[in-house]
Amino acid sequence: MSALVLACGNATTTARPDALTVRHGLDLVELPERPGRGALDPVLKSFSGDRLVVHGTDADLAAVVLRLMRTDRLGAVAVGYLPVDPDGSRVVPLWGLPRDRERLAAAAVSGEVDPFPLIRDDAGGVLVGGGVVDQPQGVAYCDDETALRGRAKRIEVAPDPDGGPGLVARVTRGGLFAKKVSTHHGRAFQIGCLRTRFERDGVPTDAAKWTWYRHTEDLRVARGLL
């Protein structure tokens with residue numbers, strides 16, 4: 001196994017994994033927050049190993065996974081994750097990662113690799129942890145099933161940790177004392193609504209329509225301790 005640590009954004013100054021790289025004899029590359037094509041592609045082009053360890057946020061992880069997908073390297077490269085804030089990460093519970101930092105590092109660097117659904121969107125991005133639609137008013141479908149017609153308090157979409165068709169969507173309606181949650185599993189989730197706040201892996205945007213769908217190839221994630 002040959003692994004490379006990608007330290008993204010403020011991970012390079014606030015929680016730099018020097019001890020990890022020294023202990024395991026790994027190389028480390030410092031990258032900007034949510035690195036794009038210009039920063040990542042030269043690194044990927046020169047990388048001949050089989051595992052990348054991303055040290056950063058869920059959004060940093062999504063940026064790296066996006067470039068792996070765009071460069072057709074999903075099948076050749078496994079991805080480990082060292083979040084700067086394990087308690088604030090949606091990926092940690094989704095992947096079933098340990099919260100103890102030593103065990104988290106061990107899973108990222110040398111853990112067993114499992115296939116995991118990779119979710120794309122029609123805005124050219126990927127979803128690794130979770131997407132949120134805030135206060136939607138409109139119509140949403142999960143595959144052919146109507147998930148929403150009218151108003152909701154919140155919609156959460158994530159890769160399905162149990163595999164299944166690919167993604168899971170939770171629609172929350174009502175208030176504090178009359179809350180109702182419906183859960184939907186499918187290959188795709190699409191919504192058209194009045195313009196509202198969307199979020200994908202912690203990055204906010206405004207939109208009036210959105211589609212998430214399962215990619216044809218799975219992500220290979222390092223999460224099992226040997």
Side-chain angles (χ1 to χ4, degrees), residues 1 3-8 11 15 17 19-20 23-24 26 49-66 68-69 73-121 125-132 142 154-172 181-187 189 199-203 212-226:
M1 181 197 71
L4 175 68
V5 178
L6 306 179
C8 302
L20 172 70
R23 185 183 307 121
H24 295 276
L26 305 179
D50 57 8
R51 182 174 305 205
L52 291 174
V53 177
V54 179
H55 187 53
T57 65
D58 288 0
D60 296 328
L61 176 64
V64 173
V65 169
L66 177 63
L68 287 175
M69 183 186 74
R73 302 194 66 178
L74 289 174
V77 179
V79 179
Y81 185 37
L82 284 171
V84 293
D85 178 17
D87 292 332
S89 167
R90 288 193 177 101
V91 173
V92 168
L94 192 67
W95 287 11
L97 295 176
R99 293 185 182 273
D100 174 80
R101 288 194 176 274
E102 288 296 321
R103 296 179 69 240
L104 187 60
V109 173
S110 58
E112 294 179 326
V113 176
D114 294 323
F116 203 83
L118 175 58
I119 307 303
R120 303 178 62 175
D121 62 50
V126 297
L127 188 70
V128 293
V132 177
C142 189
R154 180 181 177 95
I155 297 176
E156 298 173 277
V157 177
D160 191 340
D162 298 321
L167 60 77
V168 56
R170 294 180 176 86
V171 181
T172 301
V181 179
S182 60
T183 302
H184 311 268
H185 298 263
R187 291 193 63 86
F189 182 89
E199 180 185 298
R200 54 179 178 180
D201 292 321
V203 180
W212 281 291
Y213 59 98
R214 185 175 187 169
H215 185 48
T216 54
E217 190 173 6
D218 285 343
L219 180 63
R220 299 175 64 240
V221 304
R223 58 176 182 160
L225 291 172
L226 295 173

* Can you check whether Gly75's main-chain N or O pairs, donor with acceptor, with Glu217's side chain at less than 3.5 Å? -> yes

* Structure fact -> Taken to the nearest 0.5 Å, the spacing of Arg200 CZ from Asp121 CG works out to 4.5 Å

* If you measure from CZ on Phe189 to CD1 on Ile119, what distance do you get to the nearest 0.5 Å? -> 12.5 Å

* Please answer whether the main-chain N or O of Glu102 pairs with a side-chain N or O of Asp100 as donor and acceptor at a distance below 3.5 Å. => yes

* **Considering all heavy atoms, the nearest Gly129-Pro159 contact** => O-CD, 3.8 Å

* Determine whether Leu104 and Leu82 make a side-chain contact, defined as any pair of heavy atoms from C-beta on separated by less than 4.5 Å. => yes

* Above 12 or not: heavy atoms from other molecules or residues under 6.0 Å from CZ of Arg120? -> yes

* Of all heavy-atom pairs between Asp218 and Pro117, which one has the smallest distance, and what is that distance? -> OD1-CA, 3.7 Å

* Are any non-hydrogen side-chain atoms of His215 and Leu74 less than 4.5 angstrom apart? -> yes

* Would you call Arg90 and Asp201 a salt bridge, using N to O less than 4.0 angstrom? -> no

* So, for Ala222 and Arg51, which heavy atoms are closest and what is the spacing to 0.1 Å? -> CB-NH1, 3.4 Å

* Whether Arg99 side chain and Pro93 backbone form a donor-acceptor pair below 3.5 Å -> no

* Asked: Residues in side chain to side chain contact (heavy atoms under 4.5 Å, CB included) with Ser89, at least two apart?
  -> Asp58, Tyr81, Pro83, Val91, Val92

* Asked: Got Leu61 and Val79 here, is their nearest side-chain heavy-atom distance under 4.5 Å?
  -> yes

* Does the side chain of Arg170 come within less than 4.5 Å of Val168's, by heavy atoms? -> yes

* **Stepwise side chain to side chain contact (heavy atoms under 4.5 Å, CB included) check, Val84 with His55** => CA-CA 7 Å; Val84 293; His55 187 53; 4.2 Å; yes

* Asked: What are the two closest non-hydrogen atoms of Gly131 and Trp212, and how far apart are they?
  -> CA-CZ2, 4.0 Å

* Taking the side chain from Arg214 and the backbone from Leu167, do they hold a donor-acceptor pair closer than 3.5 Å? -> no

* Working to the nearest 0.5 Å, report the span between CG of Leu118 and CG of Leu66. => 9.0 Å

* Any donor and acceptor pair, going by atom type alone, linking the side chain of Arg223 with main-chain N or O of Trp95 inside 3.5 Å? -> yes

* Mind listing the closest non-hydrogen atom pair of Leu94 and Ala158 along with its distance? => CD1-CB, 4.4 Å

